[in-house]
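Below you'll find the structure, written out as structure tokens, and then a few comments.
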Amino acid sequence: MNETFTPALDRFEATLPPVTRRVFKLNRRIAAAGVNAAVSATKAVCFATQAVTKRATTGVSTLRGQAESAADRVSSTAKSGANEVVGQAKAQAAATIDTLEDETISLLDDANEAVSDSPTGAYETWTKDELYERAQELDIDGRSAMSKTQLITALRAA
């Protein structure tokens, strides 16, 4: 499926203006980082599940009581190990996303300064009321129901 979307996204990206192209490319990287974090977490869970299966198979060959006891211990260990791995993967993904978000905001600020004729600054520094007023000036549909982030996105798209 990736073989279908990547060339199409590359062609679309090539048609964008330079600043928009950089933002689009950065968003693709953010999405890829999220997917990679999810894949890593899934692999870790699969590995933990394989360990549980191996130990459970060994326990079955012993007496029933011993097998039940071993399965309980293995299950508990695998669950806590899987939870730990998933927690670490989530924390790593969150840190990556936070870093990429900071970089995106910085790039957008730099881009805004580079292409803006007015000294108004980045939209992130505006109040929601100021963003709403600008959206009114540009007659952006649905502005009254938008959050600050949605207003910023709509204004940048306008």
Side-chain angles (χ1 to χ4, degrees), residues 1-112 114-115 122-126 128 131 135 140-143 145-158:
M1 190 150 107
N2 195 20
E3 298 83 24
T4 304
F5 290 115
T6 299
L9 289 173
D10 289 342
R11 286 191 303 275
F12 175 72
E13 182 178 313
T15 66
L16 297 173
V19 171
T20 306
R21 185 179 317 129
R22 289 186 72 192
V23 171
F24 186 78
K25 186 177 226 165
L26 184 57
N27 281 328
R28 285 177 69 184
R29 287 182 182 167
I30 291 169
V35 168
N36 289 341
V39 168
S40 294
T42 302
K43 286 180 180 178
V45 169
C46 288
F47 180 78
T49 302
Q50 288 173 346
V52 169
T53 302
K54 184 176 180 181
R55 287 186 183 189
T57 301
T58 301
V60 169
S61 66
T62 63
L63 296 171
R64 179 176 177 180
Q66 291 174 339
E68 288 176 2
S69 176
D72 288 345
R73 286 191 313 272
V74 168
S75 176
S76 177
T77 301
K79 183 178 179 180
S80 65
N83 286 339
E84 182 178 337
V85 168
V86 169
Q88 289 172 352
K90 284 181 180 179
Q92 184 178 8
T96 300
I97 289 170
D98 287 345
T99 300
L100 292 173
E101 185 177 299
D102 291 345
E103 290 176 14
T104 301
I105 289 170
S106 178
L107 283 171
L108 289 172
D109 289 344
D110 292 347
N112 190 37
V115 298
Y123 285 134
E124 285 77 11
T125 64
W126 292 23
K128 185 176 178 183
L131 293 167
I140 294 175
D141 290 333
R143 63 186 171 267
M146 291 183 185
S147 67
K148 181 176 178 177
T149 303
Q150 290 169 327
L151 284 168
I152 290 170
T153 300
L155 288 169
R156 287 199 171 118

What closest approach, in Å, do [X] and [Y] show between heavy atoms, and which atom pair accounts for it?
X: Lys148; Y: Trp126; result: NZ-O, 2.9 Å
X: Ala78; Y: Ala48; result: CB-O, 4.3 Å
X: Ala33; Y: Thr96; result: CB-CG2, 3.8 Å
X: Leu131; Y: Leu155; result: CD2-CD1, 3.6 Å

Is it true that, when you exclude [X] itself, more than 12 heavy atoms of the residues, nucleotides or ligands shown sit nearer than 6.0 Å to its [atom1]?
X: Phe47; atom1: CZ; answer: no
X: Gln150; atom1: CD; answer: yes
X: Arg21; atom1: CZ; answer: yes

With the side chain counted from C-beta on, respond yes when [X] and [Y] share a heavy-atom pair under 4.5 Å apart, and no when they do not.
X: Phe24; Y: Leu9; result: yes
X: Leu26; Y: Leu100; result: yes
X: Ile140; Y: Met146; result: yes

Atom pair OG/CG of Ser40 and Asn36 - distance to nearest 0.5 Å: 6.5 Å
Reported CG-to-CZ distance for the pair Leu151 and Arg143, which is rounded to 0.5 angstrom: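 So the gap between those two atoms works out to 9.5 Å.
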Has the side chain of Ser61 got a donor or acceptor atom that lies under 3.5 Å from a matching backbone atom of Thr58?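 Yes; judged by distance alone, with no hydrogens or angles, the pair exists.
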Between Ser69 (side chain only) and Gly65 (backbone N and O only), is there a donor and an acceptor less than 3.5 Å apart? no
Using side chain to side chain contact (heavy atoms under 4.5 Å, CB included), reason through Ser80 and Glu84 one step at a time and then give a plain yes or no. CA-CA 6 Å; Ser80 65; Glu84 182 178 337; over 6 Å; no
What do the steps show when you test Glu103 against Arg22 for salt bridge (charged side-chain N to carboxylate O under 4.0 Å, His left out), and what is the final call? CA-CA 11 Å; Glu103 290 176 14; Arg22 289 186 72 192; over 6 Å; no
Side-chain H-bond candidate by donor/acceptor type, Thr15 with Arg11, under 3.5 Å: no
